Engineer: 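My structure is below; once you've seen it, I'll send some questions.
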Amino acid sequence: MIIALRWFFTSARHKSDAGDEVYDGRISKSVAKMEHDETNGMDPAVAGKYICKIALQKNVKPLYSIGVVYKFLSVLCMILPVRVKNALIGKLYG
């Protein structure tokens with residue numbers, strides 16, 4: 001059921017190819033990568049359980065990361081200069 005909902009959400013998106021040729025296809029490539037992440041990402045039940053656990057705490061931080069990879073990336077974002085972060089994001093989605 002959850003996989004079907006993920007697919008429905010992604011497939012229901014209305015996309016525009018406007019400007020894609022100006023950027024040599026980078027827009028469609030980035031959107032395809034994001035769609036792949038949406039359909040193959042973390043199980044929503046795992047994320048919901050984590051969010052519920054945080055919501056029931058007395059003292060909460062303003063930001064949380066779910067999963068080891070995202071926690072690692074959050075630490076990197078605090079350490080790395082903006083130029084390096086932008087280059088990494090460009091490699092990931094560019």
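Computed from a predicted model, the values in this text were never measured in an experiment.
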Engineer: Please name all residues satisfying salt bridge (Lys or Arg N to Asp or Glu O under 4.0 Å) with Lys49, sequence neighbours left out, ordered by chain then number.
Structural biologist: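 Once residues adjacent in sequence are excluded, Lys49 has no partner under the salt bridge (Lys or Arg N to Asp or Glu O under 4.0 Å) criterion.
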
Engineer: Quick one: does Gln57's side chain get under 4.5 Å of Val60's, heavy atoms only?
Structural biologist: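 Yes - at least one pair of side-chain heavy atoms lies under 4.5 Å apart.
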
Engineer: Same cluster for Val75 and Tyr64 if Ile/Leu/Val/Met/Phe/Trp/Tyr side chains link at under 4.5 Å?
Structural biologist: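 Cluster IDs for Val75 and Tyr64 differ.
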
Engineer: Quick check: closest heavy atoms across Ile66 and Tyr50, and the distance to 0.1 Å?
Structural biologist: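 Minimum heavy-atom separation between Ile66 and Tyr50: CG1-CD2, 3.3 Å.
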
Engineer: Under the 4.5 Å side-chain heavy-atom rule for ILVMFWY, direct or indirect, which residues accompany Val84?
Structural biologist: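 Taking Ile, Leu, Val, Met, Phe, Trp and Tyr as members, Val84 shares its hydrophobic cluster with Val69, Tyr70, Phe72, Leu73, Leu76, Leu80, Leu88.
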
Engineer: Would you compute the distance between atom OG1 of Thr39 and atom CE of Met34 and round it to the nearest 0.5 angstrom?
Structural biologist: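 One gets 13.5 Å once the value is rounded to the nearest 0.5 Å.
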
Engineer: Any chance you could measure Glu35, atom CD, to Ser28, atom OG, to the nearest 0.5 Å?
Structural biologist: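 Result: 10.0 Å between the selected atoms.
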
Engineer: Using 0.5 Å steps for rounding, measure from the CE atom of Met78 to the NZ atom of Lys85.
Structural biologist: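 If we round to the nearest 0.5 Å, Met78:CE and Lys85:NZ are 9.5 Å apart.
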
Engineer: Closest approach of Met42 and Ala47, non-hydrogen atoms and distance?
Structural biologist: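 Looks like SD-CB, 3.9 Å.
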
